[in-house]
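What follows is a short report on a single structure.
Below, all heavy atoms of this structure are taken into account, side chains as well, without hydrogens, waters or symmetry copies.
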Amino acid sequence: MSHTTIHASGAPRLAEGFERIRDELRLPEAFPPPTLEEAAQAAATPAPSLPDRTDLPLLTVDPAGSMDLDQALCIEERPRGFRVWYAIADVASFVRPGGAIDDEARRRGETLYMPDERVPLHPPVLSEGAASLLPGVVRPAALWCLDLDSDGRTIGADVSRALVRSRERLDYDYVQAAVDTGTADGTLRLLPVVGGLRLALEQERGGVSLPTPEQEVVAHGDGYRVEFRTPLPAETWNAQISLMTGMAAAAMMLDAEMGVLRTLPPAPPETVARVRRIASALGVAWPDGAGFGQAVAALDPGTPGSAAFLKEATVLLRGAGYTAFNGEPPKDASHAAVAAPYAHVTAPLRRLVDRYGTEVCLSVAAGVPVPEPVQQALSELPALMAGSGRRASAAERACVDLVEAFVLRDRVGQTFDAVVVDVEDDRPGGVVQVADPAVVARCDGDGLPLGEKVQVRLTRADLLTREVRFTLA
């Protein structure tokens with residue numbers, strides 16, 4: 001992991017910049033009083049009468065400090081495979097269709113995570129309190145039961161409402177350390193087993209998990225830190241449980257001819273051919289007959305050629321969206337990166353669409369009609385989620401750009417070691433990745449060598465425009 005820390009002395013100027021970003025993007029501000037009042041009433045309402053499954057030894061695995069806990073997990077080993085219990089926060093138990101919380105959630109779409117604060121989808125009294133699967137308290141949940149064979153394939157899936165109680169709140173570092181030191185037991189011992197089997201099935205299907213480091217701005221002490229962070233294996237295993245559940249949900253929706261899928265069309269053949277040529281030029285092995293997922297699975301993103309290839313290859317995974325249907329299922333129902341139909345149902349505290357997808361699956365599994373308000377909302381969800389997704393991406397990029405500019409504001413004219421990770425066909429220049437500080441920015445110059453190490457000179461670091469620019473030294 002590469003990172004650069006900004007200490008408390010710089011925090012006030014960054015806070016001003018973050019506030020400016022919120023203003024520019026017109027991000028939602030405080031919740032309106034009617035929404036807060038309705039949320040407080042919902043939080044104070046006793047839990048509904050539901051089947052009691054507090055006997056399950058569920059646990060949550062999330063980033064350290066998280067309070068909005070959507071999922072709790074329990075894995076059991078069986079004579080010929082595994083059973084995965086996956087409890088999802090039952091947000092619909094707290095939200096009245098057409099009420100103040102519902103209206104505000106539709107306006108927000110999803111939780112936005114900024115370095116200094118969150119812009120939550122739901123009032124914290126719900127998202128970090130009454131609806132969150134916090135340890136030691138009874139919560140309503142949509143409880144998935146997923147049976148797997150010894151190869152990790154799903155052979156049975158069901159979901160129903162139940163009362164659950166998480167036993168532990170764990171973070172990824174703890175889980176990874178327990179696995180690495182051999183002290184993991186129960187669900188933690190089985191998580192890498194099931195996660196590994198699901199990863200193997202993903203490659204078999206032709207799915208893709210890019211091992212690309214994430215550029216993040218995170219709070220650190222009294223200041224902030226910008227870093228390139230490669231996800232831990234524990235995060236990948238956990239993500240595979242969520243993917244597996246989303247695939248089961250999509251199968252239910254398609255069988256019932258009603259729902260909302262997360263879809264991604266396959267890349268055009270000419271785009272795949274171009275990325276193959278880039279792989280060859282960078283010395284990245286992509287054997288004939290191997291899929292894209294197989295080609296990237298073993299790459300080390302720390303090597304210059306691999307880093308450049310992974311940056312260029314993201315073009316193959318562009319164009320994701322949501323497809324709603326009520327009647328004949330869509331012809332293009334798959335998600336190219338998952339290599340199967342897939343639906344978002346595992347993060348309803350943080351993403352609007354998951355609440356509706358979960359409601360569809362609960363009704364289908366119970367053999368009852370999908371509630372009319374859910375059916376009416378399906379056709380509106382793709383546009384709502386597309387808008388919130390664009391807003392979230394813009395906010396994330398703007399925050400990273402601001403911190404990059406702040407880190408480099410006094411270093412204009414200095415030279416840095418970098419790797420060329422992108423070049424453009426229609427104009428000179430491209431994009432370089434600097435390891436120290438952790439920066440990705442535009443670089444001017446003719447003939448930038450893709451995938452090679454270069455020296456670059458900083459020519460611009462503007463806090464107001466959030467622009468960082470280099471030139472080939």
Heavy-atom side-chain contact between [X] and [Y] under 4.5 Å:
{"X": "L58", "Y": "R165", "value": "no"}
{"X": "L299", "Y": "L310", "value": "yes"}
{"X": "M244", "Y": "T154", "value": "yes"}
{"X": "L27", "Y": "M114", "value": "yes"}
{"X": "M247", "Y": "V338", "value": "yes"}
{"X": "L362", "Y": "R161", "value": "yes"}
{"X": "L121", "Y": "E110", "value": "no"}
{"X": "V159", "Y": "L143", "value": "no"}

Reported [atom1]-to-[atom2] distance for the pair [X] and [Y], which is rounded to 0.5 angstrom:
{"X": "S379", "Y": "L384", "atom1": "OG", "atom2": "CG", "result": "9.5 Å"}
{"X": "R153", "Y": "F82", "atom1": "CZ", "atom2": "CZ", "result": "13.5 Å"}
{"X": "W144", "Y": "S242", "atom1": "CH2", "atom2": "OG", "result": "11.0 Å"}
{"X": "I88", "Y": "R139", "atom1": "CD1", "atom2": "CZ", "result": "15.5 Å"}
{"X": "L261", "Y": "D332", "atom1": "CG", "atom2": "CG", "result": "11.0 Å"}
{"X": "L163", "Y": "D55", "atom1": "CG", "atom2": "CG", "result": "11.5 Å"}

At their closest point, which heavy atom of [X] faces which heavy atom of [Y], and how far apart are they?
{"X": "S363", "Y": "P371", "result": "OG-CD, 3.3 Å"}
{"X": "A39", "Y": "V125", "result": "CB-CG1, 3.6 Å"}
{"X": "T358", "Y": "V345", "result": "OG1-O, 3.2 Å"}
{"X": "A365", "Y": "D158", "result": "CB-OD1, 3.5 Å"}
{"X": "S209", "Y": "Q240", "result": "OG-NE2, 4.1 Å"}
{"X": "D102", "Y": "R355", "result": "OD1-NH2, 3.0 Å"}

* To do: Consider only side-chain N and O atoms of T245 and T346, and report whether a donor and an acceptor are under 3.5 Å apart.
  =>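 No, no side-chain donor-acceptor pair sits under 3.5 Å.
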Does a side-chain N-to-carboxylate-O contact under 4.0 Å join [X] and [Y]?
{"X": "D354", "Y": "R351", "result": "yes"}
{"X": "R198", "Y": "D151", "result": "no"}
{"X": "D70", "Y": "R350", "result": "yes"}
{"X": "R189", "Y": "E77", "result": "yes"}
{"X": "R96", "Y": "E38", "result": "yes"}
{"X": "R83", "Y": "D147", "result": "yes"}
{"X": "R107", "Y": "D103", "result": "no"}
{"X": "E19", "Y": "R22", "result": "yes"}

* To do: Starting from the C-alpha separation in whole Å, work towards a yes-or-no answer on side chain to side chain contact (heavy atoms under 4.5 Å, CB included) for V84 and L148.
  => CA-CA 8 Å; V84 177; L148 315 179; 4.0 Å; yes
* Would L59 and R169 satisfy side chain to side chain contact (heavy atoms under 4.5 Å, CB included), going step by step from the backbone distance to the final call? -> CA-CA 6 Å; L59 54 84; R169 180 178 64 174; over 6 Å; no
* To do: Would you please test Y172 and N238 for side chain to side chain contact (heavy atoms under 4.5 Å, CB included) and show each step?
  => CA-CA 9 Å; Y172 293 117; N238 203 43; 3.5 Å; yes
Backbone N/O of [Y] and side chain of [X]: donor-acceptor pair under 3.5 Å:
{"X": "T187", "Y": "I75", "value": "yes"}
{"X": "E328", "Y": "E257", "value": "no"}
{"X": "S132", "Y": "M67", "value": "yes"}
{"X": "S393", "Y": "R390", "value": "no"}
{"X": "Q294", "Y": "Q203", "value": "no"}

* **Lys NZ or Arg CZ of R108 over F31 ring: under 6.0 Å, within 45°** =>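 Checked: cation-pi criterion met.
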* To do: Please work out which of the three classes, parallel, tilted or perpendicular, describes the rings of W286 and F292, given edges at 30° and 60°.
  =>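 F292 and W286: tilted rings.
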* Tell me, yes or no, whether the heavy-atom count around E396 atom CD, taken from other residues, nucleotides or ligands under 6.0 Å, exceeds 12. =>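 12 or below, so no.
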* Would one find more than 12 heavy atoms of other residues, nucleotides or ligands at under 6.0 Å from atom OH of Y174? ->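 Counting neighbours around OH of Y174, 12 or fewer heavy atoms of other residues, nucleotides or ligands fall under 6.0 Å, so no.
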* **Steps toward side chain to side chain contact (heavy atoms under 4.5 Å, CB included) verdict (Q71, L133)** => CA-CA 7 Å; Q71 312 120 8; L133 301 182; 5.6 Å; no
* Not counting sequence neighbours, list each pair that qualifies as a ring-ring contact (aromatic ring centres under 6.0 Å, His included) and has a residue in residues 319-352. =>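 Every ring-ring contact (aromatic ring centres under 6.0 Å, His included) pair that includes a residue of residues 319-352, provided the two are not neighbours, is Y322-H344, H335-Y342, Y342-H344.
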* Excluding sequence neighbours, so at least two apart, what forms side-chain contact (heavy atoms from CB on, under 4.5 Å) with S66? ->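 Applying side-chain contact (heavy atoms from CB on, under 4.5 Å) to S66 gives D62, P63, D68, L69.
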* Asked: Could you walk me through whether E168 and T60 pass the side chain to side chain donor-acceptor pair (under 3.5 Å) check?
  -> CA-CA 6 Å; E168 295 182 278; T60 61; over 6 Å; no
